[in-house]
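Throughout, protein chains are lettered first and strands after them, A, B, ... in sequence-line order, and every chain is numbered starting at 1.
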Amino acid sequence: MNLFRYFGNHLRAVLEDLRDQGVLQADADLSRVTVEPPRDTAHGDIATNAAMVLAKKAGMKPRDLAVTIVEGLERLDDIEKADIAGPGFINMTVTSSFWSKILLAALDPGQVWGRSDTGRGEKVLVEFVSANPTGPMHVGHCRGAVFGDALARLLDFAGYDVTREYYINDAGAQVDVLARSAHLRYLEALGEEIGDIPEGLYPGDYLKPVGSAAVEKFGDRYRGAVESEWLPEFRDFSISMMMDMIRDDLEALNIRFDSFFSERSLKEGKVNSIDDAIAEMRQMGLIYEGTLPPPKGKKPDDWDEREQTLFRATDFGDDVDRALAKADGSHTYFAADIAYHRDKIRRGFSTLIDVLGADHSGYVKRMKAAVRALSDDTVKLDVKICQLVHLLRGGKPVKMSKRSGSFITLREVVDEVGADVVRFIMLYRKNDASLDFDFDRVQEQSKDNPVFYVQYAHARIHSVLYRRLPDEFPGLDMGQIDPVREDLALLDDPGEILLIKKLAEYPRIVEQAANTHEPHRIAFYLYELASELHTHWNRGTEKPELRFISVGNRKVTGARAVLLGAIATTIASGLGILGVHPVEEM
RNA sequence: GGUCCCGUAGCUCAGUUGGAUAGAGCACCAGAUUCCUAAUCUGGGGGUCGCAGGUUCGAAUCCUGCCGGGAUCACCA
């Protein structure tokens, strides 16, 4: 149950009544009316701006209109009172009995708490990671991987039909380099002395197993053979091994894909989809032959002005038109990506999400332009750029040099701190802000560390719910309490009410996070919820009567167990969206 | 030089798609443990929301122009 939607519907009914009575204009715009928690909880439980938004058109002062709306609202059973404040806000206070409904909803076995149908089954494709299949995942891929996966989980939870896809860049020159590097390792595995890895090939040791595997597969058939004979075989073979390795790395982070889409498949089908896409766009008048101006202010030394095949990206919001063919006539990466996105559109997705690294920020406009052009603006493309992660150890930057091959792999990070920590920290920040990841800090067991803090709240609840008290309450299993049989009206302490109110926000947070494609909102909410729990927990230090286990009072203890159960359910649910495991013991 | 992102407390960051007196954590200061986990909690000080205009009942939030930081800039992927 979404509290704000619930009362939003109430409010809407009241406003429609007023419209029928002629108080509001027949065409009054109700879409700007919001129903949300007031900033200051002292104002009440729910606030609406309805009177302020609608007053002008109704020819009334906001406060006068508010009086009329309040009359309607106060007729509702769940509303204790409605006040008018400031320029015309209406603050509603919910009856205390209403809060019990929240707890019952949270623990209702017939529905999933927090799940939303806001997505209405709409098909969404989340493309993320898409790292080149030329080596293991390194730490730079980590954030996008976690972000994309959490976003997919979030959208799924919010009622979208989500597909997670990995685009394999297996068609460019880099996979030929991979094949040559693997071939060299193959010769090495055959016992040849290969010396230093030549400039331009991948030096990493991770290719040694590929070399050995190639010996098993091919024998010495390709020793001394000309490159044109072995290159295609070695390319396919090593890409496949690299993808296996990448899948393993992702698995370690608790990430799985629904689909892997090969760039090469665009060219190798019955029809070449890249040519086909270009032909289609040409027919639509989206393509011309022309020359581009050099970049303003910074003319590259080797600027070669020539005629190119160009997409009219500027007609769709881009800054310049974009080249589809290289000097040698082959397709640009962008051309392939256009064909790929056309394929996504044709598969019937109504929303596309691309999760990219910061180095692709310059790519956003052209891709949006392409999707607009190809879908006649019917398909939305949202590009989420994940900014850089700065690795630190004890506050000092961790040095990395990709050139020497000594970069830090994703697997090393996961092995050191654990997938749950990596995931939570990466999600405890907006995707478009850069992030510091300090190996020491993220493993601290203190409130300094948000992962720990939230996990600890869950473990604390677990310690109560699974406590056996044979002397106090023989036969009572707090983890098995049936909420509908408890007297929830006993939860009347202000601290308890605050906790329930915090719980009540959860469904709304889920919807907001899903609508904005911002999973970090879930992480921050969980931190706040954990904080409220710890606060209330410690009230029991000075006031023993507030402890969750109320000695000698089975009814109060039962009601509080329901509250704890609802909080634990919410924490576990939110962590589930983030792909983090709730722990029961620390 | 163009484009995109960022700029909020000493530091790291939230900020409910335009709402009321702008919030957390860290750090600093002062406190709480016969008690369900003190791995926690309570209180305190700390702000020109980068700057200047504009839009309106109302702006940290939207628009324009500046300033500062980062990423990126035909033909690589």
Strictly below 4.0 Å: does A:K368 bring a side-chain N or O up to OP1 or OP2 of B:C4? no

Sorted by chain and residue number, the side-chain contact (heavy atoms from CB on, under 4.5 Å) partners of A:A566 (sequence neighbours excluded) come out as A:L103, A:A106, A:L107, A:L503

Suppose we call a contact any N or O donor and acceptor under 3.5 Å apart; does that hold for the side chain of A:D319 and the base of B:U3? no

Side-chain ion pair, A:K501 and A:D45, N-O less than 4.0 Å: yes

Applying side-chain hydrogen bond (donor to acceptor under 3.5 Å, both in side chains), can you list everything that pairs with A:R5, at least two apart in sequence or on another chain? A:E511

Of the candidate nucleotides B:C36, B:U37, B:C41, which contains the atom at the shortest distance from the side chain of A:R460? B:U37

Test salt bridge (Lys or Arg N to Asp or Glu O under 4.0 Å) applied to A:K365 - qualifying residues, sequence neighbours left out: A:D319

Have a look at A:D337 and say if it touches a base, only the backbone sugar-phosphate, or nothing, with a 4.0 Å heavy-atom cut-off. nothing

Using the test side-chain contact (heavy atoms from CB on, under 4.5 Å), find all partners of A:K56 that sit at least two apart in sequence or belong to another chain. none

Between A:T535 and B:U42, is there a side-chain N or O to OP1/OP2 distance below 4.0 Å? yes

Among B:A20, B:A77, B:A74, which is the nearest nucleotide to the side chain of A:Y333? B:A77

With sequence neighbours excluded, tell me which residues meet side-chain hydrogen bond (donor to acceptor under 3.5 Å, both in side chains) with A:H43. none

Short N/O separations, protein against nucleotides 62-72 of chain B, under 3.5 angstrom:
| from | atom 1 | to | atom 2 | distance (Å) |
| --- | --- | --- | --- | --- |
| B:A71 | O2' | A:A358 | O | 2.8 |

OP1 or OP2 of B:A39 under 4.0 Å from side-chain N/O of A:S446: no

Close aromatic pair by centroid cut-off 6.0 Å: A:H534 and A:Y456: yes

State whether a side-chain donor-acceptor pair under 3.5 Å links A:E165 with A:Y340. yes

Scan residues 54-61 of chain A against RNA chain B and write down, sorted by residue number, each residue with any heavy atom closer than 4.0 Å; if none is found, say none. A:K56

Suppose we screen for salt bridge (Lys or Arg N to Asp or Glu O under 4.0 Å). Which residues come up paired with A:K267, at least two apart in sequence or across chains? none

Reckon A:Y453 has a side-chain N or O less than 4.0 Å from the OP1 or OP2 of B:C26? no

Between the side chains of A:K502 and A:E505, is the shortest nitrogen-to-carboxylate-oxygen separation below 4.0 Å, so that they form an ion pair? yes

Going 5' to 3' through nucleotides 9-19 of chain B, assign each nucleotide B (protein heavy atom under 4.0 Å from a base atom), S (under 4.0 Å only from sugar-phosphate atoms) or - (no protein heavy atom that close). ---SSSSBB-B

Are A:Y525 and A:Y506, when compared by the centres of their aromatic rings, separated by less than 6.0 Å? yes

Grab the CZ-P distance between A:R547 and B:C41 for me, whole Å please. 17 Å

Applying a 3.5 angstrom cut-off to the pairing atoms, does RNA chain B sit in any stems of at least three consecutive Watson-Crick or G-U pairs? List them by first number. B:1-7 with B:67-73, B:10-13 with B:23-26, B:28-32 with B:40-44, B:50-54 with B:62-66

Only counting residues at least two apart or in another chain, list the ones meeting side-chain contact (heavy atoms from CB on, under 4.5 Å) with A:R539. A:T535, A:H536, A:L546

Identify, with sequence neighbours excluded, every residue that meets side-chain contact (heavy atoms from CB on, under 4.5 Å) alongside A:T68. A:L18, A:M60

Taking CZ from A:R63 and P from B:A20, how many angstroms apart are they, rounded to a whole number? 16 Å

